[in-house]
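Presented below is the structure to which this report refers.
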Amino acid sequence: MQHGLRLPREFYARPTLLVARDLLGTTLVHDVDGERRAGRIVETEAYVGPDDRASHARVGRKGRAAIMYGPPGVAYVYVIYGMHHCFNAVTERDGYPGAVLVRAIQPEQPGARGSGPALVCQALGIDRACNGLDLVSSGLFVEDGPAVPDAEVRMGPRVGVDYAGGWASRPWRLWLADSAHVSRGRKSGTAYDAAMLR
DNA sequence: GGATCGATCGGCT
DNA sequence: GCCGATCGATCCG
C-alpha cells in the first residue's frame, strides 16, 4: 500500500473480516473546520451479516443499524451508554449488513488518547453528526499506509458482547501486536490466521 | 493487575 | 422499562 491516499469505495466493498484486517496500519482522518485530526488504526472489530448476534444489524434493516445494510464506505456512528460514541466503517455489498468498529488508534496529536472506541471518537471529534458521512467524499476518511505483515497481527474475541452466545467467542477482534495503544481488555490473543476468520 | 460500580440516555421491547 | 460494540474511579489483593 502507498501512503496518504484516501481509500476508495472498493476497499470497503469486500468481506468485513478482510476490511478489518486491512484497516490495521491505515490512518483515520477527520477534518474539523480545516484542522486535521488523525490517528493510525491499531485495533478493529468485525460485525458481519444479519445473523451475527453481537451486531446491531441483528434487529433488521429498519432498526438503528439500517445504515449497515446500505452501501459500503459510509460512516456508522452511534451513541453508547448515553455518553460515548463509536465509529464504524460500513462494509460489504449494498444490501448485506457489515461494519468494522475502530477500537483504538495511535493519535497524531501528542497527548491525545485513542485506546478504546469512545476515546477514538473523542480524539478525532467524531459524534452523531458524522453518522452517514461518505468516507470517499467527505471530511471523514481513511488514508492507506505501509502494509502490515500477518506476523504483526493478533486476533481474539470481541469485547463487551458476552450476551451474544457463540458469536461472542469468534476471534473477530484484530490488533497490532506491538502497539501500546490497543484498548484495555486485551488478552494475549492468538497469531493471525485468516482461515479462522469465519 | 483484576473486579466492581456509577454515570447517563437513545432505541428497542 | 431495560440494557448496552464504554470509561474512569475505586477497592481489593
Side-chain angles (χ1 to χ4, degrees), chain A residues 12 15-21 23-24 26 28 30 37 39 41-70 72 74-92 96-107 109 111-133 135 140 142 154-176 179-189 197-198:
Chain A
Y12 304 97
T16 308
L17 270 305
L18 289 181
V19 178
R21 160 68 178 84
L23 278 175
L24 294 175
T26 65
L28 180 58
H30 189 203
R37 298 205 204 176
I41 296 175
V42 299
E43 181 183 354
T44 60
E45 277 180 3
Y47 291 85
V48 191
D51 300 322
D52 181 358
R53 303 311 293 171
S55 171
H56 293 168
R58 68 185 181 274
V59 301
R61 66 184 66 214
K62 304 190 77 151
R64 159 176 55 165
I67 198 166
M68 288 178 65
Y69 285 81
V74 171
Y76 168 43
V77 180
Y78 61 88
V79 179
I80 187 67
Y81 297 109
M83 62 181 97
H84 298 304
H85 295 88
C86 291
F87 167 84
N88 302 253
V90 175
T91 58
E92 308 280 350
Y96 187 83
V100 174
L101 169 68
V102 175
R103 285 198 55 88
I105 60 171
Q106 175 182 340
Q109 163 118 7
R113 295 165 301 149
S115 301
L119 291 172
V120 169
C121 289
Q122 181 179 309
L124 300 189
I126 295 171
D127 61 20
R128 224 175 341 180
C130 299
N131 189 40
L133 287 182
L135 302 177
L140 181 61
V142 182
R154 295 291 178 274
M155 61 186 197
R158 293 173 291 182
V159 175
V161 296
D162 291 342
Y163 59 84
W167 294 90
S169 60
R170 299 199 176 208
W172 288 358
R173 178 194 191 190
L174 305 171
W175 67 93
L176 294 181
S179 176
H181 300 271
V182 171
S183 70
R184 71 161 124 190
R186 72 180 180 276
K187 303 259 163 61
S188 54
L197 295 179
R198 61 190 131 153

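No experiment lies behind these values; they were computed from the predicted model shown. So that the names make sense, note that chain A is the first sequence line, chain B the second, and so on, each numbered from 1.
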Q) Which sits closer to the 5' end of DNA chain B, A:K62 or A:G82, going by the nucleotide each is nearest to? A) A:G82
Q. DNA chain B: A:M83 or A:R64, which has the more 5' nearest nucleotide?
A. A:M83
Any side-chain N or O of [X] less than 4.0 Å from the OP1 or OP2 oxygen of [N]?
X: A:R113; N: C:dG8; answer: yes
X: A:H84; N: C:dC7; answer: no
X: A:R128; N: B:dG10; answer: no

Mind checking if [X] touches a base, just sugar-phosphate, or nothing, with heavy atoms under 4.0 Å?
X: A:A118; result: sugar-phosphate
X: A:V79; result: nothing
X: A:R158; result: nothing
X: A:R58; result: nothing

Separation of [X] atom [atom1] from [N] atom [atom2], in whole Å?
X: A:W167; N: C:dG4; atom1: CH2; atom2: P; result: 19 Å
X: A:I80; N: C:dG4; atom1: CD1; atom2: P; result: 9 Å
X: A:D127; N: B:dG10; atom1: CG; atom2: P; result: 14 Å
X: A:H85; N: C:dC7; atom1: NE2; atom2: C1'; result: 14 Å
X: A:D162; N: C:dC3; atom1: CG; atom2: C1'; result: 14 Å
X: A:L101; N: C:dG4; atom1: CG; atom2: P; result: 16 Å
X: A:Q122; N: C:dC7; atom1: CD; atom2: C1'; result: 10 Å
X: A:R53; N: C:dA5; atom1: CZ; atom2: P; result: 12 Å

Q. Does a donor on one side chain and an acceptor on the other come within less than 3.5 Å for A:E43 and A:S179?
A. no
Where [X] and [Y] come nearest, the two heavy atoms and their spacing:
X: A:L140; Y: A:L28; result: CD1-CD1, 4.4 Å
X: A:A46; Y: A:T16; result: CB-CG2, 3.8 Å
X: A:A65; Y: A:Y76; result: CB-OH, 3.8 Å

Q: Report yes or no: is the cationic atom of A:R128 (NZ for Lys, CZ for Arg) under 6.0 Å from the centre of the six-membered ring of A:Y78, at an angle within 45° of the ring normal?
A: no
Q) Is it the case that A:R158 places NZ or CZ above or below the six-membered ring of A:Y47, under 6.0 angstrom from the centre and within 45 degrees of the axis? A) yes
**Q.** Side chain of A:Y78 - closest among C:dA5, B:dT8, C:dT6
**A.** C:dA5
Q: Could you check A:Y163 against A:L119 and say which one's nearest nucleotide on DNA chain C is further toward the 5' end?
A: A:Y163
Q. Hey, where does DNA chain B pair up into stems, meaning at least three consecutive Watson-Crick or G-U pairs with distances under 3.5 Å?
A. B:1-7 with C:6-12, B:9-12 with C:1-4
Q: Taking the side chain as every heavy atom from C-beta outward, state whether A:R173 and A:V182 have any atom pair closer than 4.5 Å.
A: yes
Q.
Can you confirm whether A:H181 sits close enough to A:L176 that some side-chain heavy atom of one is under 4.5 Å from a side-chain heavy atom of the other?
A. no
